[in-house]
Amino acid sequence: MDHLPEQENPLLTLIDLAHRARAAGGAAELAFLLVNDSKRLFGYRQSALWFEGQGVHTLSGVLQADHDAPYVQWLEQLCAALCAADSDGSIMLPSPEQLPPALAAEWSEWLPEYLLWLPLTLKRPDGRESHGGLLLAADQPFPDYVTPLLKEWGEVWRHAWQALHKPPPLSLKQLRHKLQQWYRRHAGGPWWQQRPWQIALALCVVLLFPVQLTVTAPGELVAANPDVLRAPLDGVIGQFHVSPNQAVKKGQLLFSFDEAPLLSRLEVAQQTLATAETEYRQLAQMALSDPKYKTQLAALIGKISEKQTEAAYLQSQLERSRVTAPQNGIAIIDDPSEWIGRPVQTGERVMKVAREHDVEIEAWLPVGDAIALEPGSTVKLYLAADPFSAAQGRIRYQSHDAVSRPDGSFAYRVRASLEKSDGHRIGLKGTTKLYGAWVTFGYWVFRRPVASIRQYLAV
């Protein structure tokens, strides 16, 4: 039994060659790999890749075969003779007796004593087979283990070669010809029995099938009728007395302003008022004995009235700086720490108080998905926290103009009243599904593609 080479395992070599064949970047690289690196399986002297109708494609040891050279012309005749003699597509170990006398006479002049012919059958782009083969010439006989290795290597290489020579896509003429052939095979008999008409009728039925037009949009649960608490005066918020989402009662203190400036101004006004009152009493006593002081009493009375009004105003501002809850509900505020120490202006929104479980759905419908939505249309909100059940509601209103969103997009605000409150808290987010009018399935499928095409073509 022949022994395998000790320097390299042929099976590992075959795996490496297969990997390099799959990674080949082109036909020239793949052909060069076949005629040169196959020597790793068995040390031959010369090799040639030949194709029927093309002649010698690649020679070992050279970059390009010269078809005018006598050696190449003789090799083409030899390979053509071996391809004709190989009727079953198996590996051949030819001898001079199997060749025509003219070729056998020149064998010793061009090649060493031992040859191996590896047939390669390839498919051309038109679907027909093309024959070829790899010719190996060696100074010593080919061992028995080489034949199955070369056969497997030839199959791997052939597969890689076919992958690099995929047939081109069908032209319009070829496609029309195939459609005509298909129509001739299936046509015949009454029109309602012909397959093309049956397919067209079924397609029309499917496209005309009525479906409800729907779109999806981001949404969340928001307060339905919240009381918006705004800054009653210009100042700096000093403290929040409630936490976000805390239940509050009517009249409960929610937040207060920094009272130091108001207290100082109120104290000054009260002191000024007390001083004016003391001065009034002194003038009144002096007016009893000297009538000339009576004329100063009227001006002092006006000054006292002014200071009383100023003190009363500052006292009311001090009371307004303590904001209380207008109703029982839930305090809605993002982060109280962001408001503490922040100056606000009169009318600036600070927080909301919403009735518990008085929630509704708010959806933001993108401009590209804006469909006709009538009041009372169905809306379903699939919450991210509870994706297996949907909160269902009816559209209450849709904004007329699109507004800018934080992400820079424009969308229409849609509000929908919940049909049934399941105790979900305000602020839960998810995806809303809005139901529009009934349309055909064809319109439902092609609405967005046709809209995109029209925007692109501007027609």
Margin query: Run the side chain to side chain contact (heavy atoms under 4.5 Å, CB included) test against Gln54 and tell me which residues pass, sequence neighbours left out.
Written below: Phe51, His57

Check: Does Phe42 have any ring-ring contact (aromatic ring centres under 6.0 Å, His included) partners at least two apart in sequence or in another chain, and if so, which?
Finding: Phe142

Note to self: For Arg413, give me all partners under salt bridge (charged side-chain N to carboxylate O under 4.0 Å, His left out), at least two apart in sequence or on another chain.
What the structure shows: Glu362

Notebook entry, point to check: So which of Asn36, Leu136, Leu118 actually passes side chain to side chain contact (heavy atoms under 4.5 Å, CB included) with Ser47?
Noted result: Leu136

Notebook entry, point to check: Would a 4.5 Å heavy-atom cut-off, applied to side chains only, mark Ile426 and Leu221 as touching?
Noted result: no

Note to self: My understanding is that only residues two or more places apart in sequence, or in another chain, count here; which of them pass side chain to side chain contact (heavy atoms under 4.5 Å, CB included) with Ala390?
What the structure shows: Lys380, Tyr382

Notebook entry, point to check: Can you check whether Tyr44 reaches Leu115 side chain to side chain, under 4.5 Å on heavy atoms?
Noted result: no

Check: Who passes side chain to side chain donor-acceptor pair (under 3.5 Å) against Thr378, sequence neighbours left out?
Finding: Arg394

Check: Can you find a heavy atom in the side chain of Lys151 that is under 4.5 Å from one in the side chain of Ser90?
Finding: no

Item checked: Pairs meeting criterion salt bridge (Lys or Arg N to Asp or Glu O under 4.0 Å) with involvement of residues 328-342, two or more places apart -> Arg342-Glu348

Item checked: Pairs where residues 17-38 contributes a residue and the test salt bridge (Lys or Arg N to Asp or Glu O under 4.0 Å) is met, not counting sequence neighbours -> Arg20-Asp37

Next item on the list: Using the test side chain to side chain donor-acceptor pair (under 3.5 Å), find all partners of Asp386 that sit at least two apart in sequence or belong to another chain.
Entry: Ser389

Checklist line | Contacts of Arg45 that satisfy salt bridge (charged side-chain N to carboxylate O under 4.0 Å, His left out) - sequence neighbours left out | finding: Asp139

Checklist line | Residue pair Leu17, Leu41: steps toward the side-chain contact (heavy atoms from CB on, under 4.5 Å) verdict | finding: CA-CA 10 Å; Leu17 289 175; Leu41 296 174; 4.1 Å; yes

Notebook entry, point to check: What salt bridge (Lys or Arg N to Asp or Glu O under 4.0 Å) pairs are there with at least one residue in residues 212-222, not counting sequence neighbours?
Noted result: Glu220-Lys429

Check: Is there a side-chain contact between Trp157 and Leu120 (heavy atoms, below 4.5 Å)?
Finding: yes

Check: Does Pro232 have any side chain to side chain contact (heavy atoms under 4.5 Å, CB included) partners at least two apart in sequence or in another chain, and if so, which?
Finding: Phe257, Arg320, Val323

Note to self: Measuring only between side-chain heavy atoms, which start at C-beta, is Phe240 closer than 4.5 Å to Ser337?
What the structure shows: no

Next item on the list: Check side chain to side chain contact (heavy atoms under 4.5 Å, CB included) between Lys420 and all other residues, then give those that pass, not counting sequence neighbours.
Entry: Asp422

Margin query: Nearest 0.5 Å, please: how far is CG in Leu381 from CD1 in Ile361?
Written below: 5.0 Å

